[in-house]
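Quick notes on the structure that follows.
A note on names: the letters A, B, ... follow the listed sequences, proteins ahead of strands, and every chain is numbered from 1.
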Amino acid sequence: MKYKSIYLLACAFMIIAFASCKKDLLKVNTNPTGVSPSNYDPNFTLSEVQMMYTGSTDYASEVWQTEWGNIGGYIQHTASVNTSFYSGDKYLFSPVNVGQYFFEAYQQQVEPVVDLLHLTANNPKLNNVHQMARIMRALVFQRLTDMYGDVPYFQAGLGYYDRIYTPVYDKQQDIYTDMLKEVSQAVDSLDVNGDIATGDLYYYTTTTNAASQVAQWKKFGNSLILRLAMRLTKVDPATAQSWVTKVANSCMQSNADDAIVQHNLSANTASENRDAWVILTQDSTDLNLCSTFVNMLRNDKDPRLNVFSYIFRTDDTTAAAQNGLPPGFIVGNGKTTLFDITTDSTYNKSLGMEGYSRPSPYVLNVGAPSMIISYAQTELLLADASVRWGIGGDASVHYVNGITAGVTEAAALYGAPAPTAAQINYLTNIGPTAYGNDPSSNTLNQINTQYWITCFMDEYEAWANWRRTSTVTSVLGVKGSPSLTPTDYTGNITNGTIPRRLTYPSSEALSNGANLAVAVAREKGGKDVQTNRVWWDTQ
Amino acid sequence: MKKNLYTLKLNAALKTVALLAMFFLLLSNTTFAVEHLDVVQVKGKVTDAATNETLPGVTVTVKGTTTAVSTDANGGYSITASTGATLTFGFIGYKTKEVPVSVAIINVKLEQSTEQLQNVVVTALGVKKEDRAIGYSVSTVKGASLTEVRQNSFVNELEGRVAGVNVSGVATGPNGSTNVIIRGLTSLTGNNQPLYILNGTPLVNNNYTQTDNGGYGGHDGGDGIGDINPDDIETVSILKGAAATALYGYRGANGVVIITTKKGKGADGVLEVNSNYVAENVIDNTDFQTKYGQGYSTVGGTSYGTKPVSAADALGSMESSWGAPLDGSITPQFDGVSRPYSEAAKGNLARFYRQGANITNTAAFSKSWDDDDNTRFSVSELQDNSYVPNAGLQRFTFSQNTNLKIGKRLTLSLDAQYNSEYTKNAPSVSDAIGNLNWGPMFVPPNINITTLAGPNGNGTLANGYELNPFSDYYTTNPYFAAYQFQEAEHRNRFIGSANVKYTFDSGYFIQGDVNEDYTNDRNSAVTPTGTGYEPNGDMSEQNFKQTELNIDASVGKNYKFGKDFGLNILLGTNYRRSIQENLTAGGENFATPFLYTISNLKNFYESDQFNQEEFESAYGSADLSYKNFLYLTVTGRNDWYSTLAPGKVTYLYPSVSGSFVFSEIWKIANMDMGKLRLSYAVVGGEADNPYGTLESYGIQGTETGLPGGLSFPIGPGGGGQIPNAELVPSERKEFEVGTEMNFFGDRLRTDIAYYHKNVINDILPVTVDYTSGYNTALLNVGNVATNGIEVDFGGVPIKSGKFSWDVDFNGTYINSKVTSLGDQNFISLGSAEGDWTPDGNSVSNVEQVVGKTPSQIFAFAPFRYKNGDVAINKLTGSPSFNRRSLQDVGSAEDPWAGGITNTFKYGNLDFSFLIDFKAGGHLFSNTNYVAYVQGLSKETLSRNPAGYGTEKIGASSYYSNWANADAAQFVYSASFIKFRSANIGYTWPKGLFNGAIKSVRLSAVCHNVFTIMKKIPNTDPESDYSQSIYSQGEEGPDVPYSRTLGFNLNLKF
C-alpha cells in the first residue's frame, strides 16, 4: 500500500530530524559573543591576572577601601580627617573596608590565575605561560595571606573545575612552604626555547624573544623567592637563610629588571592605574600624606618628596612647602575636641585642610605605572639579609644600590624630573656608611625605612615589611621599620597599636562559616581581630 | 557566527512538516479499517439554523448502534443505516436533534443552545471546549470590560477581576510594566510572568530595562504585553493551573493568558469607532509635618533648630527639615531669594506634576462576505501626554484578521499586528539620581517646588547647567531631570501569524501555524552636560532586537464510540526559536558640551550581546467523554531544550484532568448545573537565560599599554557564575480540585477551586563562597510548596423589568512556602534604595528564606531587652547601630486578594464599579524612611531642644539613629481596599440619525476613584518600583499614583 511507504519515509525523516536536534541544540547554546575554552588564548588571562593584581576592574573598591582607606594610614604614608572613608590612621572599626580586599582578590585575581594554571597545564606549547602562572599565583597569595593570615589556598578558585564551593582555610605556614616550592620549580622549568608569553604585561614587547623573556622571569621569580623567604625572618630564620643564599645572585640586577604594569587612559577604566583612579574619583581631597612620611623624606632631603607630595591650593611641590597631616586627627570646633586638627601647630588657618600635602599629580595619574617588584626593593632585602645573617653579599653595596635605584626609579616611573647625582649621593651617605654585620645598630631600621619609602603606592607590601621588621624582643632594637608612633584615637579597636592583620569579611561567616570557624579557632584567643598576628609575625 | 536566521527557520519548518506527515499518516492507517454495512446510504448536510453556516465535525449517530460519522468540512455526511432507524445529530453548543431515516438525503438544521454556547471557553492551544468538559479552572474576561475604563497596558485592568491572578502595575510612568503572578511564585529568582498568546502567537514579554534591584534607580523600559490594543480584544482566557497549561510544556509553568481578538465574522461592513479621552491627575498621599522648616537641629540650648541665614546655608539644608518652627519671617532660600519662612510645600505634587491627557482613538472595519470569509482591520492611536512633566507615550497599532475558506476543505486564517511606539522620558525612580519624583516629595515644608524651576523654568542656570537646589549633587533638580534628561524609546513591533487547516471528509484535520513576533527597540538616554553629578554628561544608544518564531503542526479528529463515548485526539509539534540581539554604544564626557551624539563622547564603549534559544516539542491530547457528564482529558508534551544540558534533556510533561457533571445524575433542587473538577499535571520550567551550561570567555576589548607600547585585549574578570552542564528543567506538580455550581436559572453562580502546587528543582544562582573564585553556581535546588483557594461568586440578585443588578465577587487565598534552597537557608534578592549606614549595609533587603513565604522583607531592628524595651545608648539617647540585627518583617506577597464588580442596568443606562483589595503583604517604604531622616515625618515632631542623652545630640542625629537602628518601622502592611474604577454609560437603543449610525454608546469613566483603606502613610501601597522578582516589596520615591477621569464614546456605522 502506498500509504505504508510514505509512512516509513516519514518515520525515517523524523528520526533524522530529531537526531540532528541534539547537535543543533548544543550549538545553539554556545555564546557566539564569547570564546570557548578550546579557542581561547590563555595569554589573555595572564594579562588579566597581572592587571587585576594592581586593582580590580569596576570600582577597584579594595584599592580604595583596604589599601587607602586603611593600610596606607596604618603605616603612616597617609592620614586623613575623614573618618568615614579613610580611617586607617586611627585604627577605627571598619570591617567592610578591611574585608574588601579578600572579597575582590579571590574573584579578580585568584579565579583567573587558577584558571590559567588549568588552561595551560600539560600543554608544552604553553609551558612558559604555565610557569609564569605558578609564579603569579604565589605573588597573588603572598599578599592575601600576609594580610589575613590563614586563607583558602589549595582549594581556592576551583569552583568551576572541582566544584569546590566552600574551600577550607589553609595554615599560612603551609601556604608559604608551597609558594616557595612552586616559584622555585617554576623558575627552574621556564624554558628559553619555549613559548613567548604574548600576554605578559611585565616583560613582553614586540621585539621580545623567549630567551630574553625567560631570563627576565627567572630574575623576577627569584626576587619573589627572596621576598617570600625574608618574610620568614622572625618565625623561621633557617629556612629564610637557605632560600636567600640560593637566590641572592640571581635576582634583579638593575631597574631594567623591574616588574612594572603600564597603565593608560582608557574608555572603561580597565587599564587605568587603580590607585590613581580610585583616589581621584573617591574623595581625593580627603586623603593627605602623613606627617611621618613627609617629615622623614624632608629630613633626609630625599628628592622623592617632590615626586610624591604637593600642596594642592598652591600647586607647590617644593620640599619646604610640604606639610604632612599628623595622624589621628579630625576637624573639630576648635575648642573642645581632643583630636582637633585645627588646634594643632601644623594647621594653616588660611588654607585650612588644603594646607596639608596630598599625593601629587605625578602619582595620582591614571596613566602612571604600577610597580610590582622592583630592583630597589630586592637590593634592600639583600642588604637586610646581609646585615642580619651575613649572607648574600655586601650590605653597604646593596644598600647604596637600593637607594640609588629607588630614587631614580621613582622619578622615572612617574615622569618626574630626574634626581641629581648630588641628591642621590647625599641620600646614600647619610647615616652610617659602614654597614658591616652589626645587627645591634639601627642599620636594619634604616634599610627598612628605605624599603618603606620605596614601597609608597604599594601599601600592602610596605605594611607587611614593617610587621616583618618589628619586634619587641629587640636584639635589633627596633619597634618596626621605620619606628612609627601609633595614634590612640577615641574608639580605636587596637588599644592604640598599629594593626597586625586584617579581619575576614563578615559575609564569610554566612557563605563559608564552618571553614572560617576552624581558621578563627586557630587565632590567638579564638578571635578574628586586628591585634592578632599572622604566623610569620611572631612577637 | 550568526547563522542566517531564515535558513534556520526553513530547516525548522522542514522538520516540523516531517513530524506532521508522520502523525497524519499514523492516523490515516487506522481509519481505513472502518467496515461498511450495506443497508441504506443516507447523505446530507448539517447547517446552523440561524446563520445557515455549514457545520463540520457534527457527530451523526445511528441511534442504538455504534455506527457514527462526523460531518466533513462542508457540513456533509454520509452514513449507512437501516430504514426506520433514527439518526442523532450532536454538536457542542447546539441542541441535539433526532431525525428518523425515511429518505436518502437528510439535511439538518441545528439550533444553537444559547446556554451551552455561553459556556464554551478557550483552552490551551486555542482549542474551544465546552465548559462542562473541563477538569480545571479557566477564567474568561470579556474585552468590553477592558476598553471603557482603560489603561495604557490592558493587563492592568485585570487587577481585582480574576481569582488567583495577582496583577500589579509598577509605579514607573506612562509605559511602565505590569507584574502578573498567577497562583503564586513559580520561580524564586527568575521570570514569573505568564505566557501571553495572541490568536495563537506566543508573545515576547521581556522587560529588559528595569529599575536596579540594588536600589540605584533607573527607569522601566516597559514590557511586551503593553503593546496590545484593548479595542482589538474579544476575550481574555486565563489558564491558571498546570493541567490547564500542560500542553504548553515548559512554557506553561507560570500560567497562560490567551488573548483572542475580534473577528469580522457576521459583520456586514461595519465601521466601529471608539474614542476614549481621560484626564489624569496625581494623587497626593503625603501627610508631612508643617511645623518646622528647613535648617539644622541645634544641640542643647533652648531652640529647636536654626533656619537658614544665607543662601549657602539654605542650599545646605534643602534635605534637612530640622530647622526652627515656621514663623513666617523672611528667610533666605537656596536661590538667594528670601521668602517667608512658612508652610509652602503642601500641594507640591500637584504643582510639579501636570494634568495628563490620554486620548485613544480606534477605528475598526469589519466585513464578512459569506459564512467563512471575513476580515477585520483596525487602526488605533494612543496619545498619552503623561501627568509626569515632559513625559509621554504615543502608540500606533494596526491590526488585521482575515479568515478565508478556499474550496471545501481548506481554511486560512491570517493575523497581523504592527506597532509603532514612542515612549518619551520614562522617569527614573527609586534613588535620588536623576529622579524627578524625589524633589517634589522631599523638599522642606517651607519650599514651594516651583522655585526649583529657576529662571528658565526648566531647572537650568543661564549657562544651561543644572541649577542645583541640593548641596548633594546626587539629588537631581526635578525640573532638570524632567526637561533636560533625555530618554527616548522607539519600538517597532510586528506580530504575524498564518494558520492553514485542511479538513478531510472523514473529519480529520491537519493544520499548520507559523507565528512570528518581531520587535526592534531603539533607545537613547542622555545625561546632559551640566548635570550636577556628571558635569560632562554621558549617553547611550541601544539597538535591541527580539524575534520569536513558532511553528506548529497538528492533526486531530473526533471519534464517537457507540452513543455514549466520545474521543477527541490531537497530536502536534512545536518548534520555537527565540533570538535577542543587543547592540549598545555609549560613554561619557561630551567633547563639545550640549552636543548629544555618541561620536561626541570622549570615553566610548560598545557592547554586543546575542542570545539565542531553541526548543522542540511534540504534544498530544485525548479528550474522552462519557454521555454528557463524565469527561477525561489526558495530555502529554515532550520538550527538547537548548538551554539546559543541551542535547541531553528531554522532558515529558503529562496531565490528566476530569470533570464530573453530577447535576446530570442527581437532580438537585434549583441547581442548573453542578460539576466537580479534578486534575493533576506536571509542567516544566526553562532556564531564564541561555549559555548557562558551558564555560565561555568574554573578551573585554580593552587596550592595555604594554611595555613595548603594544595593545592587547585582556580576558574576562572572574567572580561570575559557575556554568552547569547538568542543568535540568524545574518542575511544577500541581493537583487541583474544584466545583462549579449554578442555581436558580443561573441567577447564582459559584466556582471554587483548591490547588496544591510543588515547584521542584527551581534553577537558582546559589551563592558560593567567593574564595571559590565565583559568586554563584547555577543549581537545580529550589523547592516551593503552594496551597491556594480561589472562589468566584456571581449572581443577579435583582432582575425585574428594565432593572437588573449583577454582582461578581472573586477572592483568592494563597499560602506559599519556600521548602528548600539546597544547602543554603536564604537567597538575597535586592535591597532598598541606597541608604548606606555606617556599617555599609542597606537598611532593608528582600530574601527568599527556607520555611517562609517567598519574598521576605528584612530590615534592621534595634536590640531589645528581654522585657521588649529597646536598648538605648545613654550617651545619645537613641539606639545604637552596633547593636541591631536584620529582622524578618514579613513577605511582600499578598496572601489575600479579591474584587467585587457590581453592574446596574436600567433600560439602556448602566453603571458598574469595581472595588478590589489585597491584604497580608508588606512593603518597605523608602519614602517614609527618607522623610523620617530628613525631618518631614510627623513622627519627628517631638524635638527636644536640649538634646536626648548625656552627650547631647540634635533632633536630626537622634531621629536618623532611630531610622537606621529601627528600619523595620518603615516596613508597612501593604493591604488596601480601593474603589478601583467606575463606569456609567448609556447606549442609544436604535442608533442615531435614522440609523446612519447604527449604534452609539457614551460612558463616563474613572480609574483609581479613591482608596477606601490603606495602612501605609505618605505613599500608595502599590508603589513597587520594579516588576522584577528581585525588588518586590521595595518602594522608593516613585511616580505617584494618579486618577483618571474621562469618557468613552463608541460608534458603529
Part of B:Gln824 within contact of chain A (heavy atom distance under 4.5 Å) = neither

key: Residue pair B:Phe610 / A:Pro32: nearest heavy atoms and the distance that separates them   = CD2-CG, 3.2 Å

key: chain B contact via A:Pro37 - which portion, at a heavy-atom distance below 4.5 Å   = both

request  = To the nearest 0.5 angstrom, please state how far the CD atom of B:Gln612 sits from the CG atom of A:Asn29.
outcome  = 8.5 Å

key: Part of A:Tyr153 lying under 4.5 Å from any heavy atom of chain B   = neither

ask   = In Å and rounded to the nearest 0.5 Å, what is the OG to OH distance from B:Ser772 to A:Tyr106?
value = 11.0 Å

query = If you count heavy-atom pairs under 4.5 Å with chain B, which of A:Val110, A:Leu119, A:Asn515 comes out on top?
reply = A:Leu119

remark   = Output for pair (B:Ser642 OG, A:Lys27 NZ), nearest 0.5 Å, gives 13.0 Å

ask   = What part of A:Ser507 is in contact with chain B, defined as an atom under 4.5 angstrom from a non-hydrogen atom: side chain, backbone, both or neither?
value = both

message = Side chains of B:Ser696 and A:Asn31 only: does a donor on one sit below 3.5 Å from an acceptor on the other?
response = no

query = In terms of heavy-atom proximity below 4.5 Å to chain B, should A:Leu46 be classed as side chain, backbone, both, or neither?
reply = neither

query = Is B:Asp688 atom CG crowded by more than 12 heavy atoms from other residues, nucleotides or ligands, each under 6.0 Å away?
reply = yes

query = Any chance the rings of A:Phe103 and B:Tyr770 have centres within less than 6.0 Å?
reply = yes

task = Kindly write out the residues that satisfy side chain to side chain donor-acceptor pair (under 3.5 Å) with A:Thr30, not counting sequence neighbours, or none if the list is empty.
result = none

task = Take A:Tyr165 and B:Ile722 through the side-chain contact (heavy atoms from CB on, under 4.5 Å) test and state the conclusion after the steps.
result = CA-CA 10 Å; A:Tyr165 300 151; B:Ile722 303 174; 3.6 Å; yes

inquiry  = Nearest 0.5 Å, please: how far is NE2 in A:His118 from CD in B:Glu695?
reply    = 11.0 Å

Smallest separation among heavy atoms of B:Thr771 and A:Asn512, with atom names = OG1-ND2, 4.1 Å

key: Residue from A:Thr45, A:Asp41, A:Asp115 passing side-chain hydrogen bond (donor to acceptor under 3.5 Å, both in side chains) with B:Tyr697   = A:Asp115

remark   = Of the listed B:Val768, B:Asp769, B:Asn611, B:Asn724, the one with the largest count of heavy-atom pairs under 4.5 Å with chain A is B:Asp769

inquiry  = Just checking B:Tyr533: does its OH atom have more than 12 heavy atoms from other residues, nucleotides or ligands closer to it than 6.0 angstrom?
reply    = yes

task = Please flag which part of A:Gln109 lies under 4.5 Å from any non-hydrogen atom of chain B: side chain, backbone, both or neither.
result = neither

request  = Nearest 0.5 Å please: distance from the CZ atom of A:Arg163 over to the CG atom of B:Leu779.
outcome  = 7.5 Å

